[in-house]
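For the numbers below, each heavy atom of this structure counts, side chains included, while hydrogens, waters and symmetry mates do not. Throughout, numbering of the chain's residues begins at 1 and tracks the sequence. As the structure lists them, so they are numbered: ligands from 1, and atoms in each ligand from 1.
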Amino acid sequence: MCPAIRTLQLYPLSGREIEWERRISRARANLSKAKPISFNQQVFQLLGMGWADENPDQLSPFVTAIIEKQQANGGWSQLEGLPSDSRATGQAFVALNTVGGVDVADTVYQKGVRFLLRTQYDEGSWFVRSRAWPFQPHFESGFPHGKDQWISAGGTTWAVMALLLTQPKIESVTPVNWMSISFPDEPKESTPAVSARTDWLKGVPRIDFTRDIQPLLERSCAACHGAQAKRKKGKFNITTREHFMKGGQSGVPAVLVGNGNASAIIKMVTDQLEDLEMPPLSKRKNFPPLTLNEVALLKSWIDAGLPW
Ligand code: HEC
């Protein structure tokens, strides 16, 4: 119903404006009573009502309901109990900002944008796990992420829409004659007001625990220090952030939050501490040492404050 509202507005038929108007207002009344089951429906309920010019007072509880679902990591999830992803997060922002009146300078937005920037892959995409029952094989579109590529493409699109909303708006859009396209000589300057509102974007760390750190810990450390190790070797336990920071039996903290270079753990994984090379030298057949790139990630993660 919601895309239909938008379509009627964007592509009016001359002579039927009054009828369109009536139809949209009937849809509006209907939408406010709907009971969404998924987050996707909840977002489109707000978008549809906003497109149908519902007044801000009526929209307000719907805006709050979406804000309340923001998770501690700044993102939103598609269903209760699932981790945050770029699809639900991008959708939340497009609805909150374009019709819900939530400004990009709002902390709700800032936390979410940090989540999106942290979880983007270097090639530009976002990964979203497919929830479809795999009754048919996927086919290759060329987008990354294998069997999850289709939902990931959608998630990437929503993330890009949400991020674009933090950029200066082009005030008027003149219809483009595609046959004689030319670009303006001078790029439009961003207005100071807007750049000040998005200054906080600078220096946002691009490290994500789940994507960048957890896999390497699981591969090279967890057998001896993780949940599966009944007795944690050297009393070093990596199952929570608190345990991780504390370090092992020597009493030396494993990390100095904010200072990767000075952290004991970096010395251990780069074999600078004799007899505390990690993973232990004799076990590297089963537990490979960290690559240079992984050491750099571990360092930036500590520098960024050990986001867990
Ligand atoms: C095969 C088992 C094994 C693996 C895999 C392993 N460790 Fe250890 N780790 C040990 C043992 C054994 C000790 C105790 C060494 C000692 O105190 O002499 C220890 C101790 C530690 C300590 C505590 C040192 C202290 O101050 O007491 C840290 C920190 C540590 N390991 C980090 C890591 C990290 C990070 C990884 C993965 C990159 C890793 N370990 C992988 C066996 C392992």
| task | Before giving the answer on side chain to side chain contact (heavy atoms under 4.5 Å, CB included), spell out for Asp303 and Trp301 the whole-Å C-alpha distance, their side-chain angles and the decisive distance to 0.1 Å. | result | CA-CA 5 Å; Asp303 290 341; Trp301 174 58; over 6 Å; no
Looking at [atom], what's its closest protein heavy atom, distance included?
atom                    : value
atom 11 (C) of ligand 1 : Lys233 CB, 3.5 Å
atom 37 (C) of ligand 1 : Cys221 SG, 1.9 Å
atom 2 (C) of ligand 1  : Cys224 SG, 1.9 Å
atom 14 (C) of ligand 1 : Gly234 CA, 3.4 Å
atom 35 (C) of ligand 1 : Ile265 CD1, 3.5 Å
atom 5 (C) of ligand 1  : Ser220 O, 3.1 Å
atom 19 (C) of ligand 1 : Met278 CE, 3.1 Å
atom 25 (C) of ligand 1 : Ser250 OG, 3.2 Å

Verify the neighbour count for atom [atom1] of [X]: are there more than 12 heavy atoms of other residues, nucleotides or ligands below 6.0 Å?
X      : atom1 : result
Leu281 : CG    : yes
Ile18  : CD1   : no
Glu80  : CD    : no
Arg26  : CZ    : no
Ile37  : CD1   : no

| task | Using distance alone, determine whether Gln249 and ligand 1 share an N or O pair under 3.5 Å. | result | yes
| query | Based purely on interatomic distance, does Lys283 place a nitrogen or oxygen under 3.5 Å from a nitrogen or oxygen of ligand 1? | reply | no
| query | Taking non-hydrogen atoms only, is Met268 closer than 4.0 angstrom to ligand 1 via side chain, backbone, both or neither? | reply |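 Just the side chain.
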| message | Please classify the Pro280 to ligand 1 contact at 4.0 Å (heavy-atom distances, strictly less than): side chain, backbone, both or neither. | response | side chain
| note | Filtering Val252, Leu290, Leu298, Leu276 for the heavy atom nearest atom 18 (O) of ligand 1 leaves Leu276
| Closest candidate by heavy atom, reference atom 30 (C) of ligand 1, pool Phe236, Phe287, Phe244 |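 It is Phe236 whose heavy atom sits nearest to atom 30 (C) of ligand 1.
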| task | Classify the side-chain pair Ser38/Asn40 by whether it contains a donor and acceptor separated by less than 3.5 Å. | result | no
| task | Using a strict 4.0 Å cut-off to heavy atoms of Val269, name the atoms of ligand 1 that fall inside it. | result |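 Numbered from 1, ligand 1 contributes 35 (C), 38 (C).
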| query | Looking at Glu21 and Arg16, does any basic side-chain N land under 4.0 Å from a carboxylate oxygen? | reply |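 A salt bridge is absent here (no side-chain N lies under 4.0 Å from a carboxylate O).
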| message | For atom 8 (Fe) of ligand 1, give me the closest N/O/S atom belonging to His225, just the atom name. | response |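 Going through the N, O and S atoms of His225 one by one, NE2 ends up nearest to atom 8 (Fe) of ligand 1.
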| task | List the steps, then state whether side chain to side chain contact (heavy atoms under 4.5 Å, CB included) holds for Arg6 with Ile24. | result | CA-CA 9 Å; Arg6 197 69 184 137; Ile24 290 176; over 6 Å; no
| message | One pair to check against ring pair (Phe, Tyr, Trp, His ring centres under 6.0 Å): Phe93 and Trp76. What are the steps and the verdict? | response | CA-CA 10 Å; Phe93 281 137; Trp76 276 258; 5.1 Å; yes
